[in-house]
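So the structure is just underneath, and the comments pick up after that.
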Amino acid sequence: MNITITTPLYYVNDKPHLGSTYTTIACDAYARFHRLNGNKVNFITGVDEHGQKIQRTAELKKISPTKHCEKISMEYKALWKQWSISNDFFIRTTDSHHQTLVNQFFERVKASGDIKLGHQQGWYCVGCEEYKDLPKDAIKPTCSIHLKELEWRDEENLFFCLSKYQKQIESLLEREDFIQPASRRNEIINFVSKGLNDFSISRLNVEWGLKVPGHEGHTFYVWFDALLGYLSALIPDDKDVNLSEIEQYGWPAYIHIIGKDILRFHAIYWPAMLLSAGLELPKKVYGHGFLTREGQKMGKSIGNVLDPVFLINKYGEDAIRWYLLSDFKFGQDGDFQHKRFVDLINNDLANTIGNLLNRTTTMTRNWYEDKVPRNNQENPTNELKDLANKTIPKVVNYYNDLSFKEACSEILNLASTANLYLNNIQPWKLIKESSNKDIVAFHLYNVLETTRIVGILLKPILPNLSSKILNQLGYNNQAQNWNDDLKWGKLLPSSSLPSPCPILYKIED
RNA sequence: GUCAGUGUAGCUCAGCCGGUUAGAGCACAGCAUUCAUAACGCUGAGGUCGAGAGUUCAAGUCUCUCCACUGACACCA
């Protein structure tokens with residue numbers, strides 16, 4: 001199965017922040033999960049580089065928009081690499097393919113009779129890149145988001161006839177799984193039920209944008225341009241752009257994973273545009289929650305933003321990926337609390353999982369010549385095997401539903417149970433009688449194997465830590481498709497165990 | 001203002017169709033222990049389940065009212 005997963009195309013107005021990192025990490029985990037299940041994944045991320053806001057930012061910095069975009073885009077690319085993001089595509093809306101595709105798309109929409117010339121007037125926020133619904137005689141209105149004065153504008157724009165698609169969008173929203181989580185679906189249904197208005201897709205006098213063919217002075221509105229990036233991303237560099245071939249490259253998207261703030265664009269405007277252009281609709285749109293910090297909204301004005309570069313340099317990808325995915329329910333908002341972050345990393349990763357690996361391999365190495373022991377028992381009861389076999393399908397289902405928190409909790413439970421198993425069996429006592437060597441081998445094999453399964457199950461969310469675990473278990477022959485790796489008993493007796501070293505050091509502060 | 005949602009131990013949250021003494025993880029206190037990353041394990045303390053009323057043999061769990069917070073929309077700026 002061909003699975004196309006997208007992050008939003010991040011706006012390069014400023015350097016990457018933790019919110020976009022959160023989205024991207026989640027998409028990465030999801031993409032890895034589907035690859036491990038044997039699917040062909042197209043994991044798309046990228047950047048949105050056009051618009052007046054960027055033009056103005058560049059002017060302020062006294063550099064060209066091109067230079068500005070180049071710089072920020074490279075920061076994104078570098079950051080994703082640092083975080084082990086496994087994206088297959090990185091689209092920039094300044095890529096030449098993209099302009100061609102936008103033109104083709106525009107022609108299709110025009111041919112459907114969905115483009116009309118209109119007049120847009122109203123109070124405009126450059127920050128939001130949108131008109132605010134305010135009365136004409138408002139005095140010095142400001143944008144509630146950007147806290148900046150709005151500009152009065154009256155200009156000729158091209159409009160997309162969204163209202164034509166009222167019925168089709170309504171029936172799309174009847175599909176229960178199109179918008180997730182369900183709570184946000186209701187909001188969108190509510191919004192649509194009040195009637196959809198046509199929206200403008202071009203701007204006058206914005207230099208930094210894609211030119212609208214046949215309309216001198218018009219550039220495409222950034223949203224129209226940016227959403228189409230999901231399509232142009234899929235087209236290989238060495239192929240000509242041809243929208244009618246887009247389906248052979250992986251369209252429609254299996255899922256768009258986005259922040260809740262841009263749900264409307266993805267769940268209403270975007271499907272309508274695709275309908276107009278005669279293209280398939282994405283299967284699902286998931287609007288995840290926002291991150292706050294110590295109970296406060298993160299913002300530049302408060303000066304409490306968490307910088308992803310700082311975080312990864314100080315704590316490493318495993319720690320942050322684990323915290324973000326294991327402690328926050330994906331659909332809901334999450335509060336980043338430093339103390340909790342430190343506690344959870346130390347407990348879950350260092351103590352529960354790390355120490356399990358460490359104590360088990362140490363015992364095994366000491367008593368069985370640095371090798372995985374042979375399990376000589378005939379058909380003994382094995383509670384760890386039973387639990388592992390119950391845990392695996394649960395975790396797989398949770399991953400499939402983007403329920404990362406629940407998946408993490410199941411994995412952790414398996415590791416804890418293995419720790420408990422050791423405490424109950426007390427192999428360090430049994431081994432004192434040489435006649436117990438076989439039975440101890442059996443127990444240790446069970447724990448090693450459980451630890452291996454923990455390592456395999458962690459692959460989507462913690463690719464780095466997972467491979468450290470598996471290496472220490474001497475398990476180096478992993479398959480691309482994890483179904484085989486998830487079967488009990490894959491750890492081969494006699495494979496040698498390297499001398500252990502902590503897979504993760506505790507956080508001190 | 002309209003419509004949703006949330007409100008359960010210090011913190012983050014589970015609690016399905018109502019049913020014995022309300023759960024988990026973390027934090028905290030004590031015990032035990034050495035195979036291990038001062039890790040693991042055990043025990044304990046900690047909640048009138050936002051408030052009030054109602055339905056019921058029985059209510060975090062259903063109904064109503066109110067309070068607080070969050071979101072969408074509207075209004076106002």
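Here is the naming used below: chain letters follow the sequence lines, and residue numbers restart at 1 for every chain.
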Provide the distance between the two P atoms, one in B:G23 and one in B:C49, to the nearest whole Å. 14 Å

A:Leu227 and A:Trp270: which non-hydrogen atoms are nearest, and at how many Å? O-CH2, 3.4 Å

Gap between atoms CD1 and P, on A:Ile262 and B:A72 respectively (whole Å): 14 Å

Anything under 30° is parallel, anything over 60° is perpendicular, the rest tilted; go ahead and classify A:Tyr445 against A:Trp488. perpendicular

In whole angstrom, what separates A:Ile189's CD1 from B:A72's P? 17 Å

What contact category does A:Ile503 fall into here, base, sugar-phosphate, or nothing, at under 4.0 angstrom with non-hydrogen atoms? base

Taking atom types as they are modelled, is there a donor-acceptor pair under 3.5 Å from the base of B:C40 to the side chain of A:Asn423? yes

Just so I know, are the side chains of A:Tyr221 and A:Val206 near enough to count as touching, which here means a heavy-atom distance under 4.5 Å? no

Given that A:Lys339 and A:Thr352 both sit by RNA chain B, which one's nearest nucleotide is further toward the 5' end? A:Lys339

Describe, in one word, how the ring planes of A:His34 and A:Tyr30 are oriented to each other, choosing from parallel (under 30°), tilted (30 to 60°) and perpendicular (over 60°). perpendicular

How far does the C1' atom of B:A4 sit from the matching atom of B:A27, given to the nearest Å? 34 Å

Residue matched to B:C75 through Watson-Crick or wobble contacts both under 3.5 angstrom: none

The side chain of A:Pro502 lies closest to which of these nucleotides: B:U37, B:A39, B:G41? B:U37

Heavy-atom nearest pair, A:Leu356 first then A:Leu422, reads CD1-CD1, 4.1 Å

Does A:Asn358 reach a base, just sugar-phosphate, or nothing at all? Heavy atoms under 4.0 Å. base

If you find the nucleotide of RNA chain B closest to A:Arg184 and the one closest to A:Gly354, which residue's nucleotide is nearer the 5' end? A:Gly354

Searching all strands shown, indicate the nucleotide that pairs with B:C69 (Watson-Crick or G-U wobble; both distances under 3.5 Å). B:G5

Whole-Å distance between B:U34 P and A:Lys429 NZ? 6 Å

In the structure shown, which nucleotide is the Watson-Crick or G-U wobble counterpart of B:G10, with both distances under 3.5 Å? B:C26

In whole angstroms, the gap separating P of B:U37 from CD1 of A:Ile507 amounts to 19 Å

Spacing of A:Tyr323 atom OH relative to B:C26 atom C1', expressed in whole Å: 11 Å

If pairing means Watson-Crick or G-U wobble with both distances under 3.5 Å, then the partner of B:C57 is B:G19

Could you tell me the separation between the CD1 atom of A:Ile425 and the C1' atom of B:U33, rounded to a whole number of Å? 16 Å

As its Watson-Crick or G-U partner within any shown strand, both distances under 3.5 Å, B:C64 has B:G52

Tell me what A:Leu504 touches on the nucleic acid: a base, only sugar-phosphate, or nothing, going by heavy atoms under 4.0 Å. base

Run the ring pair (Phe, Tyr, Trp, His ring centres under 6.0 Å) check on A:Phe341 and A:Tyr315 step by step: do they pass? CA-CA 10 Å; A:Phe341 161 66; A:Tyr315 303 110; 4.9 Å; yes

Taking A:Asp28 for the side chain and A:Ile85 for the main chain, is one N or O donor matched with an acceptor at less than 3.5 Å? no

Do A:His17 and A:Tyr10 have their ring centres less than 6.0 Å from each other? no

If you measure from the P atom in B:C28 to the same atom in B:C40, how many Å do you get, rounded? 12 Å

With a 3.5 Å distance limit and no angle check, can you tell me whether A:Asn436 reaches the backbone of A:Ile439 through a side-chain donor-acceptor pair? no

If you measure from the P atom in B:A51 to the same atom in B:G60, how many Å do you get, rounded? 11 Å

If I pick the P atom on B:G44 and the same atom on B:G5, what distance separates them, to the nearest angstrom? 39 Å

For A:Asn347 and B:A24, what is the distance between atoms CG and P respectively, to the nearest whole Å? 16 Å

When you compare B:A14 with B:G52, how far apart are their P atoms, in angstrom units rounded to a whole number? 24 Å

B:A32 to B:A38 separation - C1' atoms, rounded to the nearest Å: 15 Å

Euclidean distance for P, B:U61 against B:G18 (whole angstrom): 11 Å

Quickly work out the A:Gln472 CD to B:C35 C1' distance and round it to whole Å. 15 Å

Per the glycosidic torsion and the 90° limit around 0, nucleotide B:G41 is anti

Nucleotide by nucleotide, nucleotides 4-17 of chain B touches protein heavy atoms under 4.0 Å in the pattern (B base, S sugar-phosphate only, - none) -------BB-S---

Taking a pair as Watson-Crick or G-U wobble with both distances under 3.5 Å, which nucleotide is matched to B:C31? B:G41

Give a yes/no on whether any side-chain N or O of A:Asn190 is located under 4.0 angstrom from OP1 or OP2 of B:C3. no

Decide whether a cation-pi geometry holds between A:Lys260 and A:Phe290; the criteria are a distance under 6.0 Å from NZ or CZ to the six-membered ring centre and an angle within 45° of the ring axis. yes

